[in-house]
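Nothing fancy with the numbering, it's 1 onward along the sequence.
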Amino acid sequence: MKKIIISFLVLALMSGCKPSLSTSDKSNKYVLLFSNDKAETFDTSSFVYYNAAGGITSEDNFDGTLFTQLTEYKNKLIANNGQEIVESTNGKVKTIKYKKQLDAYSSDLESFEYNNQLFWFTHGGVSGVYNSYLFCYDTQNTLTMSNGAVFGYLLDKNFVYVIMGNDWHDDTSKNTAMKVVKIDLDKFEVVDEVISDTSSDITMNLLEQGKNIFSKDEILFSISMPSDKERNPSYLYSFSLKDGGLTKLLNLSEFGIDTGEDETYYINNSFVYNNALYFFLRNGDLFKISKDKQYHVEKVLTLPDCLIGSISTYRVIDNHLVCVYNKNASENRYSLIEYDLENYQVVEDILLEKVSSLLTQKYPVGVLKK
């Protein structure tokens, strides 16, 4: 039987995004954060502003790479790479070092707000020790969560439930157990942990993050069981926040959702909107899971001419999904689709002007809409 690497694939929480941008240029409609996943020396990243036709109106460049988590907070555009925080206000860029230096990278998860404060996750490790951290932007305080990387979170009143597992290098030799860490945001401390006995012989993909929409005591996962076949069956499971137990809910393979090479999930592939769960496959298909008396699965969108695994970033703003993806790998040109989640129709489909000022190839890792 082929050994399958565990990978927790996560949803980026998209709710609560502010529709305005930190620039006074009225022609701006979108802003993208361009960076990459390499620690290049003397390299730059950039906030790039676009008009409705996809043309670049302005750029705010800054030193460094590995920046993620683009957000707007208190009239500032903010990004970080686990070592530095970059703020842009009306085109004026400021870089701030973490008060407590961490041996960490910023997580791909979106930041979240609680009690008028901004929080985000970072993770990293050295000498075989892999820790994750919850960082408060307003106070510069850092909370350490040991043994594992963060793959998702759930918010409930003053608590955040953090889903953790093997590090992002998928090193199953460490075989870090999946666990859920409960944090009191008011006290800024860990108050409980629930550890699963989940075997490393399965592939588990986190589908629900941000808030529990079907039950307050469970987290939804897609699980593929080991198989000698080319394609493995996928099932929808729930993970109990009380005891770590797993319950099978639905056979996703019946809807054509398997773990074949061209249709697997990937990091930051899902989001919650209007009491339904949405998730992308690597081929650009967007699926919806809803529930009345039972669970329902339907495909609601296929990105046109989407290269396998080329979705770069997306965000839900009000009732629209804004998605940026690559149609042509050789030209490295990105397209932006704005999709109405209420009426299930595309309202914008534009080809973005190529960024030529950056020193090396960068990728859109965050998007906001005016």
Side-chain angles (χ1 to χ4, degrees), residues 8 10-18 68-69 71 73-74 78 80 82 85 98-125 129-168 176-198 206-221 238-246 268 270-272 277:
F8 296 76
V10 304
L11 140 79
L13 176 64
M14 304 300 181
S15 60
C17 300
K18 301 178 180 64
T68 61
Q69 299 169 330
T71 188
Y73 181 68
K74 296 182 178 179
I78 300 175
N80 88 94
I85 302 166
Y98 275 58
K99 184 171 68 175
K100 177 183 178 181
Q101 287 299 297
L102 306 173
D103 180 33
Y105 298 96
S106 59
S107 167
D108 289 334
L109 301 180
E110 289 294 329
S111 56
F112 66 90
E113 293 183 35
Y114 168 74
N115 197 24
N116 296 317
Q117 292 182 319
L118 180 68
F119 297 84
W120 62 65
F121 296 100
T122 66
H123 50 221
V129 178
Y130 199 97
N131 294 327
S132 291
Y133 310 91
L134 177 61
F135 178 80
C136 180
Y137 167 82
D138 297 81
T139 65
Q140 288 276 303
N141 290 332
T142 302
L143 177 65
T144 302
M145 298 168 290
S146 61
N147 193 21
V150 173
F151 291 92
Y153 62 89
L154 295 161
L155 296 171
D156 182 21
K157 299 179 181 177
N158 61 308
F159 296 107
V160 56
Y161 295 85
V162 185
I163 299 94
M164 299 180 66
N166 280 336
D167 69 42
W168 61 287
T176 304
M178 174 188 168
K179 63 181 178 181
V180 176
V181 178
K182 183 179 181 180
I183 295 173
D184 187 321
L185 291 172
D186 291 329
K187 297 179 179 179
F188 206 59
E189 65 181 29
V190 175
V191 294
D192 193 19
E193 288 187 4
V194 178
I195 301 177
S196 172
D197 59 358
T198 301
L206 175 64
L207 285 183
E208 187 180 12
Q209 181 191 321
K211 60 182 178 179
N212 287 354
I213 56 174
F214 301 130
S215 170
K216 289 188 176 181
D217 298 320
E218 70 180 17
I219 303 170
L220 296 186
F221 287 86
S238 67
F239 174 87
S240 172
L241 289 173
K242 295 180 179 179
D243 58 15
L246 293 172
N268 285 355
S270 51
F271 58 90
V272 171
L277 174 67

Asker: Please enumerate all residues that pass ring pair (Phe, Tyr, Trp, His ring centres under 6.0 Å) together with Y161, with sequence neighbours excluded.
Answerer: none

Asker: Can you find a pair of side-chain heavy atoms, one from T142 and one from F188, that are under 4.5 Å apart?
Answerer: no

Asker: So which pairs with a foot in residues 134-143 pass salt bridge (charged side-chain N to carboxylate O under 4.0 Å, His left out), sequence neighbours left out?
Answerer: K74-D138

Asker: I need the full list of salt bridge (charged side-chain N to carboxylate O under 4.0 Å, His left out) pairs touching residues 141-154, with sequence neighbours left out, sorted by first then second residue.
Answerer: none

Asker: Residues in side chain to side chain contact (heavy atoms under 4.5 Å, CB included) with K187, at least two apart?
Answerer: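 Listed in chain order: D184, E189.
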
Asker: Determine whether N158 and Y114 make a side-chain contact, defined as any pair of heavy atoms from C-beta on separated by less than 4.5 Å.
Answerer: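 With C-beta onward as the side chain, the pair touches.
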
Asker: Any side-chain heavy-atom pair from Y133 and V150 closer than 4.5 angstrom?
Answerer: no

Asker: Step by step, would you call Y98 with T122 a side chain to side chain contact (heavy atoms under 4.5 Å, CB included)?
Answerer: CA-CA 12 Å; Y98 275 58; T122 66; 3.7 Å; yes

Asker: Counting distance only, does the side-chain N/O of Q140 pair as donor-acceptor with the main-chain N or O of K99 below 3.5 Å?
Answerer: yes

Asker: Can K182 and V190 be said to form a side chain to side chain contact (heavy atoms under 4.5 Å, CB included), step by step?
Answerer: CA-CA 6 Å; K182 183 179 181 180; V190 175; over 6 Å; no

Asker: To the closest 0.5 Å, what do you measure between CG (L118) and OG (S111)?
Answerer: 4.5 Å

Asker: Suppose we screen for ring pair (Phe, Tyr, Trp, His ring centres under 6.0 Å). Which residues come up paired with F119, at least two apart in sequence or across chains?
Answerer: F112

Asker: Among all residues two or more places apart in sequence or in another chain, which pass the salt bridge (charged side-chain N to carboxylate O under 4.0 Å, His left out) test with D186?
Answerer: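 By the salt bridge (charged side-chain N to carboxylate O under 4.0 Å, His left out) rule, D186 matches no residue at all.
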
Asker: Please check if atom CG in N115 has more than 12 non-hydrogen atoms from other residues, nucleotides or ligands closer than 6.0 Å.
Answerer: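 Yes, the 6.0 Å shell around CG holds more than 12 heavy atoms from other groups.
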
Asker: Report yes or no: does T68 contribute a side-chain atom to a donor-acceptor pair with the main-chain N or O of S107 at less than 3.5 Å?
Answerer: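 Yes: the side chain of T68 pairs with the backbone of S107.
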
Asker: Quick check: closest heavy atoms across S240 and V194, and the distance to 0.1 Å?
Answerer: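 Closest pair (atom of S240, atom of V194, distance): O-CG1, 4.2 Å.
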
Asker: Looking at N80, is its backbone amide N or carbonyl O close enough to the side chain of S106 to form a donor-acceptor pair, meaning the two atoms are under 3.5 Å apart?
Answerer: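 Present.
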
Asker: Backbone N or O of L109 within a donor-acceptor pair of the Q69 side chain at under 3.5 Å?
Answerer: yes

Asker: Any side-chain heavy atom of I78 sitting closer than 4.5 Å to one from Y137?
Answerer: yes

Asker: If I compare all heavy atoms of I183 with all of M145, which pair ends up nearest, and what's the gap?
Answerer: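 Smallest heavy-atom distance, with atoms named: CD1-SD, 3.5 Å.
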
Asker: Return the CD to OG1 distance between Q117 and T139, rounded to the nearest 0.5 Å.
Answerer: 5.5 Å

Asker: Quick one: does Y153's side chain get under 4.5 Å of V180's, heavy atoms only?
Answerer: no

